[in-house]
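Contents: one structure, followed by commentary.
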Amino acid sequence: MSVDFSGFELLFDCSVSRYSSVAMEGWTNKDFEQSSVDVTNTDETSDAVKERSRDQRLAFPGDPKCVICGRYGEYICDETDDDVCSLECKRTLLSRISNSSRGGHPSSKKLSTIDECYYVKDGNDKTGSQSLPCDQSEVLRMRLGIHVKGNSVPAPILSFSSCHLPQKLLENIESSGYEMPTPVQMQAIPAALTGKSLLVSADTGSGKTASFLVPVITYCANNGLQNSSNGRKPRAIVLEPTRELCIQVEEQAKMLGRGLPFKTALVVGGDPMAGQLYRIQEGVELIVGTPGRLIDLLTKHDIELDDIMIFVLDEVDCMLQRGFRDQVMQIFRALSQPQLLMYSATISPEVEKMAGTMVKDVTVVSVSKPSTSNKAVKHIAIWVETKQKKQKLFDVLMSKQHFKPPAVVYVGSRLGADMLANAIAVKTGMKALSMHGEKSMKERREIMQLFFMGECPVIVATGILGRGVDLLGVRQVIVFDMPNSIKEYVHQVGRASKLGEEGTAVVFVNEENKNVLPDLVKLLRASGAAVPRELVSSQYTRSFASAGKGQKKRKHSY
Ligand SMILES: Nc1ncnc2c1ncn2[C@@H]1O[C@H](COP(=O)(O)OP(=O)(O)OP(=O)(O)O)[C@@H](O)[C@H]1O
């Protein structure tokens, strides 16, 4: 799902203007409420209130939209202040609200006509946040596609200032240009502030990083210097799968924590360990690192972890996979039952199960459907045989119509990245650099700088840049080598869009990608993309489909 700000518009849209226009047409809110005129006239200039949704025209860009059906929100429901297109949708809206609060009469739950009254001024819960009444929370969650599971999940917030964050943090949020929380932030921030463990899934580029950093910084700022007589000790750890992601997250943490008693240490391979150790010994609140280097540091040096109260596993599905899992668990066991915050754009039921074994009483938050692709990304799947892939790539890169620099080309191996970057430079004359795990930290930093400064329009990267990294300005990715799992593909194409901005993903596929073809077909169909003919008729997509059916039958017969 793209980050959907339509909910914000609905909430903050100035109801007065359309109220007036309705009034000018001879209708008042009251008239609207009481009208039972059956009007089938679709003429917008008609005075009659439209009875049915289908009588209303579609919304033009910028028009208010009906909160129920999305058509032109010509009216404002006087009970809730929401935009509706017709009496039919008004009734649906009121009955939903009524159902969500178990049958009470809608008028008993009348919402305020002033936006800020969505906050209950005197109803602070234990997070200190000004909470929405239950039925309003449900409406808001429904509108923003937020789903929650767990006990006493706090209401979503509508502004950063509504949950008592340190003043300096609020200022930093504002100077970062974050005017409003994104949907995942609306729900995950107040939930994390309760101290409970969370498992959060939301689209790539939807603002998950700040949704764990804000509670981490709040906790550290409120508790960091209490033990100053014993020296500053780390209060929180954030684990990331790659150095790039660690660098990015630490930078964001520094930016948000500026001016607060909040220091950070970056613990990644490739940089000298001595400097990292010195920084921690000097006193930091947050450690951001990769599991391998952190374990290295912890086993060789005496670092006190007693005060770690928050443990963040970003990209949790990757962190709990073989390869990282043992290291992650080793670190987790060294801590004394911290709050566990787990995030990813792709969370499977297995990951949810594993998370449940690590901590009890996990609150699950998901925004949009987990493990689906960011809806703002347009997928263009091209069936191309392996031998022709290079030429096809050059064709894309040399096409004014199809190449949208800066772009990232994903490949499956380090050697492949080096060779392809050279080939692009030779064939197209464009500067192209490769990026993979064999590059030193210094090289990686330089490459990213050149890319961000616009001096290199193409980066050829392995999966190292596939997850989490915010590739500023990138709106196109080309998946040259399809990864072995659809989850990695979802993360890679997610680099082409952030916060719902549109991006394009070009993906080359052929029979060699047989393991992932059935999932890819599903994903392409779900996102409305064209599925190449060869892909539909591929024996692999067909045989996988029938294999699935066979398994189902077996289960039934046992
Ligand atoms: N409330 C906000 N308002 C405006 N911009 C925001 C807000 N929150 C985050 N951003 C920006 O949105 C971009 C994407 O955020 P972020 O990197 O946290 O996404 P993500 O959900 O972690 O994505 P991924 O799954 O790819 O790691 C970043 O540039 C970040 O600075």
Side-chain angles (χ1 to χ4, degrees), residues 1-5 7-8 144-146 156-163 165 169-170 172-189 192 198 200-217 238-242 244-256 288 312-319 341-347 365-368 370-377 408 410 452 461 463-475 477 487-501 503 505:
M1 189 193 87
S2 61
V3 175
D4 182 3
F5 284 96
F8 303 163
L144 297 176
I146 299 171
I157 51 164
L158 286 172
S159 75
F160 288 109
S161 60
S162 61
C163 54
L165 305 177
L169 173 56
L170 282 175
N172 295 340
I173 287 172
E174 197 181 327
S175 52
S176 302
Y178 300 179
E179 286 171 16
M180 292 191 63
T182 63
V184 66
Q185 293 164 356
M186 287 181 174
Q187 185 60 76
I189 290 174
L198 301 187
V200 182
S201 67
D203 269 346
T204 50
S206 60
K208 292 189 290 298
T209 315
S211 78
F212 61 76
L213 285 180
V214 167
V216 163
I217 295 168
V238 175
L239 286 188
E240 299 283 349
T242 64
E244 278 59 37
L245 208 37
C246 287
I247 294 171
Q248 183 184 296
V249 168
E250 198 223 11
E251 267 168 17
Q252 201 173 342
K254 277 192 199 145
M255 189 175 74
L256 291 172
V288 183
V312 181
L313 290 179
D314 195 13
E315 309 295 344
V316 60
D317 53 328
C318 176
M319 298 308 244
L341 302 181
M342 299 167 279
Y343 287 74
S344 183
T346 47
I347 289 181
V365 175
S366 65
V367 183
S368 161
S371 307
T372 56
S373 167
N374 187 326
K375 298 272 186 301
V377 179
V408 183
Y410 286 104
F452 289 148
I464 198 176
L465 288 190
R467 276 185 180 251
V469 191
D470 184 8
L471 298 170
L472 298 173
V474 170
R475 290 293 167 269
V477 303
K487 277 197 295 180
E488 292 317 307
Y489 174 75
V490 167
H491 284 275
Q492 290 182 358
V493 300
R495 300 313 102 209
S497 159
K498 61 172 190 176
L499 299 177
E501 288 169 11

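Values below: every heavy atom of this structure, side chains too, minus hydrogens, waters and symmetry copies. Whatever order the structure lists them in is the order used to number ligands and atoms, beginning at 1.
- At a 4.0 Å cut-off, not a single heavy atom of Ala202 sits close enough to ligand 1 to count as contact.
- A side-chain donor-acceptor contact under 3.5 Å links Thr242 to the backbone of Leu245.
- Between Met180 and ligand 1, an N or O atom pair is found at a separation short of 3.5 Å.
- Formation of a donor-acceptor pair under 3.5 Å by the Lys208 side chain with backbone atoms of Val184 is not found in this model.
- Remark: side-chain polar atoms of Gln185 are paired, donor with acceptor, to backbone N or O of Gly207 under 3.5 angstrom.
- Residue Val469 places no N or O, backbone or side chain, under 3.5 Å from any N or O of ligand 1.
- Residue-level proximity to ligand 1 for Arg495 is carried by the side chain, the only part with a heavy atom below 4.0 angstrom.
- Considering both main-chain and side-chain atoms, Ala345 never comes within under 3.5 Å of ligand 1 through any nitrogen or oxygen pair.
- The main-chain N or O of Gly494 is never found under 3.5 Å from a side-chain atom of Ser497 such that the two would form a donor-acceptor pair.
- Judged by the shortest distance from any of its heavy atoms, Arg467 lies outside the 4.0 Å radius around the atoms of ligand 1.
- By the 3.5 Å distance cut-off applied to N or O atoms, Gln185 is counted among the residues near ligand 1.
- The nearest pair of heavy atoms linking Ile347 to Val200 is CD1-O, 3.3 Å.
- Note on ligand 1: Ser206 sits in its first shell, one or more heavy atoms being nearer than 4.0 Å.
- Residue Glu179 places no N or O, backbone or side chain, under 3.5 Å from any N or O of ligand 1.
- The residue from Thr209, Val249, Thr346 that puts a heavy atom closest to atom 16 (P) of ligand 1 is Thr209.
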TODO: Run the numbers on Leu465 and Glu244 for side-chain contact (heavy atoms from CB on, under 4.5 Å), then give the verdict.
DONE: CA-CA 7 Å; Leu465 288 190; Glu244 278 59 37; 3.8 Å; yes
TODO: Go through Leu165 and Ile173 one step at a time and tell me if the side-chain contact (heavy atoms from CB on, under 4.5 Å) criterion holds.
DONE: CA-CA 10 Å; Leu165 305 177; Ile173 287 172; 3.9 Å; yes
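- Atom numbering of ligand 1 starts at 1 in the shown order; those under 4.0 Å from a heavy atom of Glu315 are 27 (O).
- Arg467 places no side-chain N or O within donor-acceptor distance of the main-chain N or O of Glu488, the cut-off being under 3.5 Å.
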